[in-house]
Number of protein chains: 2
Amino acid sequence: MPTPPGRKPRKAAPARQPLTQELIVRTAVRVLDAEGLEAVTMRRVAQELGTGPASLYAHVSGKEELRELMLDHVAAEIALPAEPDPSRWQEQLKELAAEIRRVYTSHGDIAKVSMGLIPTGPNLLAVADAQLGLMRAGGVPPKIAGLAVDTLGMFLDADAIEDTIYMARTPAGVDRWEHFQTHFEEVRAYFAALPPDRFPNVTAMVDELTGGTGDDRFRFGLDILVRGIASYVQDPPTS
Amino acid sequence: MPTPPGRKPRKAAPARQPLTQELIVRTAVRVLDAEGLEAVTMRRVAQELGTGPASLYAHVSGKEELRELMLDHVAAEIALPAEPDPSRWQEQLKELAAEIRRVYTSHGDIAKVSMGLIPTGPNLLAVADAQLGLMRAGGVPPKIAGLAVDTLGMFLDADAIEDTIYMARTPAGVDRWEHFQTHFEEVRAYFAALPPDRFPNVTAMVDELTGGTGDDRFRFGLDILVRGIASYVQDPPTS
DNA sequence: ACCTGAACACCGTTCAAGT
DNA sequence: ACCTGAACACCGTTCAAGT
């Protein structure tokens, strides 16, 4: 049967969307989520878009910029506190940190891009601005707040990277948690088998060194940092 | 003139040293020091040794193992405290941290290898053992000490990486410090030019955000961490 | 056992040529 | 202005062949 007049074919063509920076970044993040940062190559992203690698360079200056755009794209998911509350700025800062951790760890090893990068994208800057806002509301001296944003950022990046170590190396087709467990048990056995005379403390503390979960480590470090920052407040707000 | 009998030629041949793991690792570290971690490729190390990349695989399982061997090789330079002194364990821990920082930052971006890696090499394990020894001497509860080694390691790795950002990207033939200054001034100008209504805190604190040196940041973070760890000590030793 | 050349399956980026 | 094919100068790793 011929198509009746005036009725257009359902799909005019493959109708590929035109290339834009936004589309490229979204595609790159999809690859990141599925296979990790190492899999995000210019060639791979181009292939995913049905084109060649050279086509990307009209919208992105190179791989480095693409990585930074991916990071800022992902940072948009971080929910910021509505308004600083001076009476509970420490809790708010911890909540924001937990939120950043949640978003980072849900996007493969994106934290590797953040580590050692001065934030310039709008979303990452908004996060930094929110952190500063909370500390200012809490009465943290500006100089301390300036240093603390850096330190907090280092901690969050490092923690997210640490969290994704076992994940990243999981071979395809293997259960992630099983892989995690196996690897962990190997480390434990290795530590336990070390010569006690050369490593008296490591061998004596095998349980303590391998026992803590990622959550334990995060809470421990975050608590110490926030308490440390708060210790610089001269006149704590009367709650 | 012919060579007199019984006198061997000065140099019998190019006399290349036979390939060993030790030699490969030393060569790789030399490339790291001169050109950074990215320049350390299997092919480049092989070339430096006057052979092909395939030859390395008889002594090293691959690039990943070579990187870890490099890290442990470098960790041998870290001077460990002679003996824990319970009355000044916090100072000793800070001194050790500063020593680790010194060694890491003197070897390009080697800290990138350490980040997110469970230490298994003898030298890195010795460093961890020393940290644990200091904390145990200070009366830090074992569980806390176990978490603290992790947190401290994360901080040291992140700090060293942060320190080498500007260095690593310096183009050849350009003065490193000049490059650093230029880049820093650009960041400052960028922050200052941001819209104050969207980023009220960042724009209000440009000086505080760009003012601190790497040393400031290190001392600030380390001080907070050690104080936090010490806060878990139940019965501080009577000094 | 160690070393090698050649090959395989990848990279990021550039550039002249097309539309 | 945007897109493309082809090329350039690299990667890590494997493998059969040599010694």
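In terms of the ring pair (Phe, Tyr, Trp, His ring centres under 6.0 Å) criterion, Phe191(A) has no residue partners (sequence neighbours excluded).
With both pairing distances under 3.5 Å, dG12(C) is matched to dC8(D) as a Watson-Crick or G-U wobble pair. Figure legend. dA17(D) is base-paired to no nucleotide; pairs are counted as Watson-Crick or G-U wobble with both atom distances under 3.5 Å.
When the side-chain nitrogen and oxygen atoms of Thr51(B) are compared with OP1 and OP2 of dT4(C), one or more of them lie within a distance under 4.0 Å. Between His59(B) and dC3(C), a side-chain N or O to OP1/OP2 separation shorter than 4.0 Å is present.
Between dA9(C) and dC10(D), the two P atoms lie 22 Å apart (nearest whole Å).
The existence of a salt bridge linking Glu99(A) and Arg102(A) is confirmed by a sub-4.0 Å separation between a basic side-chain nitrogen and an acidic carboxylate oxygen.
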- Message: Using a 4.0 Å heavy-atom cut-off to protein, can you give one letter per nucleotide of nucleotides 14-19 of chain C, 5' to 3': B if the base is in contact, S if only the sugar-phosphate is, - if neither?
- Response: BB----
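Distance check, rounded to the nearest 0.5 Å: CZ of Arg101(A) to CZ of Arg219(A) gives 8.5 Å.
Protein atom CE of Met42(B) is 16 Å distant from nucleotide atom P of dG5(C), rounded to whole Å. Separating the CD atom of Gln47(A) from the C1' atom of dA9(C) is a distance of 13 Å, rounded to the nearest angstrom. Per the geometry, CD belonging to Glu65(A) stands 14 Å off C1' belonging to dT13(C), to the nearest Å.
In terms of heavy-atom proximity, Val103(B) sits nearest to Val74(B) at CG1-O, 3.5 Å.
In this structure the side chain of His59(A) never reaches within 4.5 angstrom of the side chain of Glu22(A), judged on heavy atoms.
Taking the side chain of Ala58(A) as heavy atoms from C-beta on, and the options dC3(C), dT13(D), dC3(D), the nearest nucleotide is dC3(D).
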